[in-house]
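Reckoned from all heavy atoms, side chains included, excluding hydrogens, waters and symmetry mates. For reference, positions follow the sequence shown, starting with 1.
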Amino acid sequence: MSDYLKSYPNEKGYFGEYGGSFVPPELQVEMDKITNAYYSISKSHEFISELRSIRKHFQGRPTPTYFCRNLSNITGGRIYLKREDLNHTGAHKLNHCMGEGLLAKYMGKKRLIAETGAGQHGVALATAAAYFGLECEIHMGEVDIAKEHPNVIRMKLLGAEVIPVTHGLKTLKEAVDSAFDAYLKDPVNTIYCIGSVVGPHPFPMMVRDFQHVVGVEAREQFLEMTGELPDTVAACVGGGSNSIGIFSGFLEDEAVRLVGVEPAGRSTKIGDHAASLTYGTPGVMHGFKSYMLQNEKGEPEPVYSIASGLDYPGSGPEHCMLHDLKRVDYTVADDEECLDAFYTLSKVEGIIPALESAHAVAYAMKFAKEFPRKSILVNLSGRGDKDIDFIVENYGFRQ
Ligand SMILES: *Cc1c(COP(=O)(O)O)cnc(C)c1O
């Protein structure tokens with residue numbers, strides 16, 4: 001696995017047989033422009049030093065790595081958290097949104113455009129747009145707008161225009177189409193910003209590169225704290241950006257086991273979970289090839305997770321390759337395990353995790369009980385303030 005980051009993806013955007021770019025010719029022209037711009041701009045000294053400065057002064061990086069003494073006392077083992085919940089805006093998504101915004105600035109773009117489901121990506125991108133003084137247009141299904149009111153307010157306060165999508169099921173899928181249509185009307189002034197390591201090349205590579213900082217920091221911090229590397233590194237997998245970010249710091253350390261945790265939801269029936277690497281099959285969707293939950297016609301199946309940030313019917317192409325290579329193990333945590341981790345971490349450590357991140361914490365708690373002599377480092381991808389109303393309304397104050 002040496003020189004891994006330089007070897008993948010190949011020049012056509014493939015991670016093994018996954019990834020690539022399956023888009024209409026007029027969109028391919030734009031993807032090629034972004035790819036070329038990224039390759040030249042991201043290597044310049046100016047870009048790198050500006051991104052460094054943003055991370056330090058605006059985002060508050062490096063985020064800490066933290067030993068959960070209380071939790072480890074209960075479970076056995078040693079559980080550590082990489083605190084992306086302390087990254088500005090409370091989650092890891094700002095890492096790639098600031099990178100995408102900086103690229104837009106260097107490309108002379110005036111406007112950022114994206115879709116959002118639960119609103120997390122929209123808020124992170126609106127934050128980046130405000131920072132760079134760019135316009136921001138977020139497409140969001142009407143159903144999601146009603147469900148995710150606080151994030152809609154946040155986006156508007158940050159100066160973004162939220163475009164309601166009123167056709168079809170009025171959720172994420174329609175929002176994607178709407179955002180792509182709007183983008184193609186003015187690709188000269190606009191750049192499309194994808195919210196995870198998914199979509200056509202170059203996005204899985206770019207977003208991975210911008211999230212790499214998480215793994216680099218965590219590895220250094222863990223070594224400094226303990227004098228050794230963790231036995232296992234775990235992270236939740238929706239599209240796969242926070243997990244690839246932390247994994248990419250450890251891929252070349254062959255003794256470190258990497259575990260991606262997918263949402264098993266409420267049952268193994270299709271429509272009740274969103275575990276595409278665990279239960280899916282290879283196919284093409286949203287412009288790239290990956291493991292996906294699909295019907296016989298190759299269309300995405302409905303998905304569900306208690307954590308809205310994880311309910312995506314595919315996974316980043318790099319994860320698909322790492323799955324086949326068996327370099328990363330993929331497993332699942334269900335809603336109940338996620339809830340248990342959510343309540344436990346809040347109460348014993350004073351850290352309310354995002355429901356997405358709680359899936360990885362759930363795995364860590366199981367691991368620690370099973371291997372009391374081992375250490376596990378979890379990417380705590382975000383804080384759970386966004387989830388508290390939903391949790392208390394539906395599940396109350398559990399002990
Ligand atoms: C969006 C989100 C995720 C899932 O996205 P990935 O691309 O799989 O990382 C995980 N955690 C939080 C807090 C999120 O907001």
Exercise. Please test His45 against Ile48 for side chain to side chain contact (heavy atoms under 4.5 Å, CB included), starting from the C-alpha separation and ending with a verdict.
Key: CA-CA 5 Å; His45 174 71; Ile48 293 168; 5.8 Å; no
Self-check item: Aromatic ring proximity, centroids under 6.0 angstrom, Tyr312 and His286
Solution: yes
Quiz: residues 363-374 side-chain donor-acceptor pairs under 3.5 angstrom, not counting sequence neighbours:
from   : atom 1 : to     : atom 2 : distance (Å)
Tyr363 : OH     : Arg257 : NH1    : 3.0
Lys366 : NZ     : Glu337 : OE2    : 3.1

Exercise. Output yes when Lys110 and Glu137 qualify as a salt bridge under the 4.0 Å nitrogen-oxygen rule, no when they do not.
Key: no
Quiz item: Which residues satisfy the side chain to side chain donor-acceptor pair (under 3.5 Å) test with His323, sequence neighbours excluded?
Solution: none
Exercise. Kindly state whether the ring of Phe22 and the ring of Phe288 have centres lying under 6.0 angstrom apart.
Key: no
Quiz item: Is there a donor-acceptor pair under 3.5 Å between the side chain of Thr190 and the backbone N or O of Pro187?
Solution: no
Practice problem: Please confirm whether the backbone N or O of Val198 pairs with a side-chain atom of Ser196, one donor and one acceptor, at under 3.5 Å? | Solution: no
Practice problem: List in chain and number order the residues that pass salt bridge (charged side-chain N to carboxylate O under 4.0 Å, His left out) with Asp186, two or more places apart in sequence or in another chain; answer none if no residue qualifies. | Solution: none
Self-check item: N/O donor-acceptor pair under 3.5 Å between Ser44 side chain and Phe47 backbone
Solution: yes
Self-check item: Sidechain-backbone polar pair: Thr116 side chain, Gly122 backbone, donor-acceptor under 3.5 Å
Solution: yes
Self-check item: Side-chain donor-acceptor pair present, Ser267, His273, cut-off under 3.5 Å
Solution: no
Quiz item: Going by distance alone, is a donor N or O of one side chain under 3.5 Å from an acceptor N or O of the other, for Lys82 and Thr63?
Solution: yes
Quiz item: Under 3.5 Å, side chain of Asn295 to main-chain N/O of Glu301, donor-acceptor pair present?
Solution: no
Self-check item: Matching residue for Ser21 among His201, Lys12, Gln28 - test: side chain to side chain donor-acceptor pair (under 3.5 Å)
Solution: Gln28
Quiz item: Is the backbone N or O of Gln294 less than 3.5 Å from a side-chain atom of Glu299, with the two atoms forming a donor-acceptor pair by type?
Solution: no
Quiz item: So, for His319 and Tyr330, is the gap between ring centers shorter than 6.0 Å?
Solution: yes
Exercise. Would you confirm whether Asn10, through its side chain, and Gly13, through its main-chain N or O, come within 3.5 Å as a donor-acceptor pair?
Key: yes
Quiz prompt | Ion pair Asp335/Arg266, N-O distance below 4.0 Å | solution = no
Quiz item: Would the number of heavy atoms belonging to other residues, nucleotides or ligands and lying under 6.0 Å from CD of Glu46 be above 12?
Solution: no
Quiz prompt | Salt bridge flag under 4.0 Å for residues Glu50 and Lys105 | solution = yes
Quiz item: Looking at residues at least two apart in the chain, or sitting in another chain, which of them share a salt bridge (charged side-chain N to carboxylate O under 4.0 Å, His left out) with Glu161?
Solution: none
Quiz item: Side chain of Glu262, backbone of Ser276: donor and acceptor closer than 3.5 Å?
Solution: yes
Quiz item: Honestly, is Lys289 close enough over Tyr18, meaning NZ or CZ under 6.0 Å from the six-membered ring centre and within 45° of the axis?
Solution: yes
Exercise. Answer with yes or no whether the side chains of Ser381 and Ser357 bring together a donor and an acceptor at under 3.5 Å.
Key: yes
Quiz item: Between Tyr66 and Tyr80, does the ring centroid distance fall short of 6.0 Å?
Solution: no
Self-check item: Side-chain donor-acceptor contact under 3.5 Å, Ser375 with Arg78
Solution: no
Quiz item: Checking Asp334 side chain against Glu336 main chain: does a donor-acceptor pair fall under 3.5 Å?
Solution: yes
Exercise. Would you give the length of the straight line joining atom SG of Cys136 to atom CD1 of Ile138, rounded to the nearest 0.5 angstrom?
Key: 3.5 Å
Return all side-chain donor-acceptor pairs below 3.5 angstrom for residues 164-173, not counting sequence neighbours, or 'none' if the list is empty.
none

Quiz item: Is the backbone N or O of Cys236 less than 3.5 Å from a side-chain atom of Asn242, with the two atoms forming a donor-acceptor pair by type?
Solution: yes
Quiz item: With a 4.0 Å cut-off, would you call Arg398 and Asp340 a salt bridge?
Solution: no
Hey, can you pull the donor-acceptor pairs under 3.5 Å for the side chains in residues 208-215, sequence neighbours left out?
from   : atom 1 : to     : atom 2 : distance (Å)
Arg208 : NH1    : Tyr8   : O      : 3.4
Arg208 : NH1    : Glu318 : OE1    : 3.3
Arg208 : NH1    : Glu318 : OE2    : 2.9
Arg208 : NH2    : Tyr8   : O      : 3.0
Asp209 : OD2    : Tyr38  : OH     : 2.6
Gln211 : OE1    : Asn95  : ND2    : 3.0
Gln211 : NE2    : His92  : O      : 2.9
Gln211 : NE2    : His96  : ND1    : 2.8
His212 : ND1    : Ser248 : OG     : 2.7

Practice problem: Could you tell me whether the side chain of Leu355 reaches within less than 4.5 Å of the side chain of Cys338, counting heavy atoms only? | Solution: yes
Quiz item: With the threshold set at 4.0 Å, does a side-chain nitrogen-carboxylate oxygen contact exist between Lys93 and Glu84?
Solution: no
